[in-house]
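For reference, the structure is listed below as structure tokens.
Because the structure is a prediction, the values reported are computed rather than measured.
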Amino acid sequence: MQVLVVEDDNRISNFLVKGLEECGYLVTLCKNAEDVLRHYVAINWDLIILDIMLEGVDGIQLLQTLRYKKIYTPILMLSALNNVQDKVSALDYGADDYLTKPFHFD
């Protein structure tokens, strides 16, 4: 299973990549939305884990762009924003699920 992690926080991205690889997933890490659109949009991912608060183009804008490009890969939004409206907005824009930070890998 190939997973694209889009996360600009080194501590969190290292934790995610290590945990996913230990579970047997093939993981690619990308630090910003621009690189995703430039280099990784044509790959057939099994899952995208997408942080909302990215520098430059944020995760919600990237989510909208991916869905506009008819990329229907499951997308798990990952964010420190934990109010209901943020979750509902992400789901309305096409996210498949929403996980708040901090979280336990289990």
Side-chain angles (χ1 to χ4, degrees):
M1 185 170 191
Q2 290 190 357
V3 178
L4 175 63
V5 173
V6 186
E7 171 64 63
D8 59 355
D9 182 294
N10 288 331
R11 187 176 49 87
I12 294 170
S13 62
N14 290 339
F15 172 74
L16 276 170
V17 169
K18 180 181 179 201
L20 290 167
E21 286 177 342
E22 286 176 357
C23 290
Y25 298 103
L26 300 173
V27 181
T28 299
L29 174 63
C30 191
K31 299 283 186 171
N32 61 67
E34 293 84 359
D35 284 346
V36 170
L37 295 172
R38 203 173 301 125
H39 302 290
Y40 299 111
V41 77
I43 298 172
N44 191 16
W45 302 101
D46 295 301
L47 174 67
I48 298 172
I49 299 175
L50 177 55
D51 183 25
I52 288 181
M53 294 187 294
L54 299 170
E55 288 193 35
V57 176
D58 69 31
I60 294 294
Q61 292 170 313
L62 178 57
L63 168 66
Q64 290 175 298
T65 301
L66 293 173
R67 294 307 190 222
Y68 177 79
K69 291 180 175 283
K70 301 194 181 329
I71 295 170
Y72 299 115
T73 301
I75 297 177
L76 170 64
M77 301 304 292
L78 184 62
S79 180
L81 304 173
N82 63 4
N83 69 53
V84 172
Q85 187 54 46
D86 291 321
K87 295 175 186 179
V88 170
S89 292
L91 295 169
D92 284 346
Y93 285 123
D96 294 281
D97 209 343
Y98 190 105
L99 181 65
T100 56
K101 300 175 193 176
F103 61 92
H104 292 277
F105 205 84
D106 293 336

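A donor atom on one side chain and an acceptor atom on the other are not found under 3.5 Å apart for Gln61 and Thr65.
Applying the 4.5 Å side-chain rule to ILVMFWY residues, one finds that Leu91 remains a lone member of its cluster. Clustering of Ile, Leu, Val, Met, Phe, Trp and Tyr side chains at separations under 4.5 Å leaves Tyr72 isolated, with no partner residue. By the 4.5 Å side-chain criterion applied to Ile, Leu, Val, Met, Phe, Trp and Tyr, Val84 is assigned to a cluster that also includes Val88.
For the pair Val6 and Leu4, the minimum side-chain heavy-atom distance is below 4.5 Å. Side-chain contact between Lys87 and Thr100 is present, with heavy atoms from C-beta onward closer than 4.5 Å. Counting only heavy atoms from C-beta outward, the side chains of Val36 and Ile48 never approach each other to under 4.5 Å. In this structure, Met1 and Leu47 have side chains that are in contact, with non-hydrogen atoms separated by less than 4.5 Å. Inter-residue side-chain proximity for Asp9 and Met53 is flagged as unmet; no heavy-atom pair is nearer than 4.5 Å.
Applying the ring-ring contact (aromatic ring centres under 6.0 Å, His included) test to pairs two or more places apart or on separate chains, those with a residue in residues 73-103 are Phe15-Phe103.
No more than 12 heavy atoms of other residues, nucleotides or ligands lie within 6.0 Å of CG in Asn44, so this atom counts as exposed by the packing criterion.
Between the side chain of Ser13 and the backbone N or O of Asn10, at least one donor-acceptor pair lies under 3.5 Å.
Separation of atoms SG (Cys30) and CG (Leu37) is listed at 9.0 Å; rounding is to 0.5 Å.
Residues Ile12 and Ile52 do not share a hydrophobic cluster, defined by chaining ILVMFWY side chains whose heavy atoms lie under 4.5 Å apart. Following chains of ILVMFWY side-chain contacts shorter than 4.5 Å, one can reach Leu63 starting from Leu81, so the two form part of one hydrophobic cluster. One hydrophobic cluster holds both Leu62 and Ile60 under the rule that ILVMFWY side chains link at heavy-atom gaps under 4.5 Å. Under a hydrophobic clustering in which Ile, Leu, Val, Met, Phe, Trp and Tyr are joined whenever their side-chain heavy atoms come within less than 4.5 Å, directly or via other members, Leu50 and Leu20 fall into different clusters. Trp45 is connected to Ile71 through a chain of hydrophobic side-chain contacts under 4.5 Å among Ile, Leu, Val, Met, Phe, Trp and Tyr, so both are in one cluster.
Salt bridge Asp96/Arg67: present, at least one basic N to carboxylate O contact under 4.0 Å.
Leu29 and Glu7 make their closest contact through CD1-O, 3.9 Å (heavy atoms, listed as atom of the first residue, atom of the second, distance). Here the closest heavy-atom approach between residue Glu34 and residue Glu55 is recorded as OE1-O, 4.3 Å.
The only option from Leu16, Asp46, Ile49, Val17 that meets the side-chain contact (heavy atoms from CB on, under 4.5 Å) definition with Val3 turns out to be Ile49.
A search for side chain to side chain donor-acceptor pair (under 3.5 Å) contacts involving Asn32 returns Asp35, not counting sequence neighbours.
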Just list the side-chain donor-acceptor pairs under 3.5 Å for residues 21-28, sequence neighbours left out, or say none.
none

